[in-house]
Amino acid sequence: MDDLRGKWLRAVAEADDDSALEAVRVAALGKKGEISAQMRELGRMTPEERQEAGPRLNALKDEINAAIAAKRAALADAALEERLRTEWLDVTLPARPQRVGTVHPISQVTEEVTAIFADMGFSVAEGPQVESDWHNFDALNIPGHHPARAEMDTFYMARAQDDTRPPHVLRTHTSPVQIRAMEMAGAPLRVICPGRVYRADYDQTHTPMFHQVEGLAIDRDISMANLKWVLEEFVKAFFEVDEVELRFRASHFPFTEPSAEVDIRCSWEGGTLKVGEGDDWLEILGSGMVHPKVLMAGNIDPAAWQGFAFGMGIDRIAMLKYGIPDLRAFFESDLRWLRHYGFAALDVPTLHRGLSR
Ligand code: 2U9
């Protein structure tokens, strides 16, 4: 009996996981186990023998059961200890920074401008960035020999010698989109055309791709007075000021006659722009009455209709409004530039607010 006890208590002590322990239990106490076999032997003993062996065997069975239960608890404790040792979590660590996207200032300003003109009845038109040179130049009263074609530092699309298709360019302005809008919708028309434009020019203040928004209003009796009002409303809304003074300087563009460059009264106190007051003037856009030849190119009769047009650089007005001094903020992928100027994720302005009003 002592041999049996020593054997099974040792086996329990040596079992080093749950399945080994279960195997020991089955071998000792299971139906075919050694202790169970001994129990069956009791039946064949004399009553005296049974009286002596029975309690001892029962006590041994209880002792082995207790040892198995204690060992099982010890194994569970050890497993828990191991998990606590390996799966620890330092809740005092600072949270990982969230990587969130930001709305690009160009996109934000495009939406701001779009929302302001939408409020005044202008719809938005888009067109191809690879444009026929007819839409980009000829239709805008810029014929083949015109110096503006060279001045605009145009990117011409490569073409094979036997290519008979009309020449194409990367559009140098969004004006061809308005030509297409006239062709498609006719008059009356109120449309703005924001988008990318391309010129082979690269220095501190120029990038080969930049963004413009142009506007066009055509009706029976549209005048420069309407142009002035629309631009005043735009400047007030865009720069968020109650009053603004515009100065129209005579200028020249092939597609408008008369033409004017438009300045706004401003001051640069302490290096920050204040619109609407001060002794400085800031040029922000070009404009004019649409040239009759341009109306004709868009299949609109200049004897019956007239219109105004204007154009401005989105990159430039974004820099002015948000005090961004350097084009690198737009074109380098280092988001610290943008965060520095306060462009937070989903901080999208007027258009969405306008739509949900
Ligand atoms: C049509 C008829 C007329 C668009 C116009 C300007 C004046 C202008 C510049 C501003 C700064 C381009 O980004 S910039 O370099 N634009 O000065 N744009 S009038 O006139 C049009 C357009 C389309 C059919």
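We count ligands from 1, going down the list as the structure has it; atoms in each ligand are counted the same way. Keep in mind it's a predicted model, so treat the numbers as computed, not measured.
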Tell me: protein heavy atom nearest atom 12 (C) of ligand 1, and distance?
-> Gln212 NE2, 3.0 Å
Residue pair Ala309 / Val290: nearest heavy atoms and the distance that separates them | CB-CG2, 4.0 Å
Do Leu231 and Phe248 come close enough that some side-chain heavy atom pair is under 4.5 Å?
-> yes
the protein heavy atom lying closest to atom 21 (C) of ligand 1 turns out to be Ala309 CB, 3.4 Å
Show which atoms of ligand 1 fall inside a sub-4.0 Å distance from at least one heavy-atom site of Met182.
-> 24 (C)
State, with a plain yes or no, whether a side-chain heavy atom of Lys228 is found less than 4.5 Å away from one of Phe308.
-> no
Using 30° and 60° as the class limits, which term best fits the ring planes of His173 and Phe255: parallel, tilted or perpendicular?
-> perpendicular
Below 4.0 angstrom from a heavy atom of Ser287, which ligand 1 atoms are there? Numbered from 1 as shown, please.
-> 7 (C), 19 (S)
Got the closest protein heavy atom to atom 19 (S) of ligand 1, with its distance?
-> Phe255 CE1, 3.7 Å
Nearest heavy-atom contact between Ala217 and Ile222 is O-CG2, 3.9 Å
Is the Phe234-Phe122 ring centre distance short of 6.0 angstrom?
-> no
Among all protein heavy atoms, pick the one closest to atom 1 (C) of ligand 1 and tell me residue, atom and distance.
-> Leu140 CD2, 3.7 Å
Output the list of atoms in ligand 1 that are nearer than 4.0 Å to some heavy atom of Gln178, sorted by atom number.
-> 22 (C), 23 (C), 24 (C)
Using a strict cut-off of 4.0 Å, indicate which atoms of ligand 1 neighbour a heavy atom of Glu214.
-> 4 (C), 18 (N), 22 (C)
Would you mind listing which atoms of ligand 1 come within a distance below 4.0 Å of any non-hydrogen atom of Val294?
-> 2 (C), 24 (C)
So, Ser107 versus His104: side-chain donor-acceptor pair below 3.5 Å or not?
-> no
Can you tell me which residue and heavy atom of the protein come closest to atom 9 (C) of ligand 1, and the distance to 0.1 Å?
-> Gly311 O, 4.0 Å
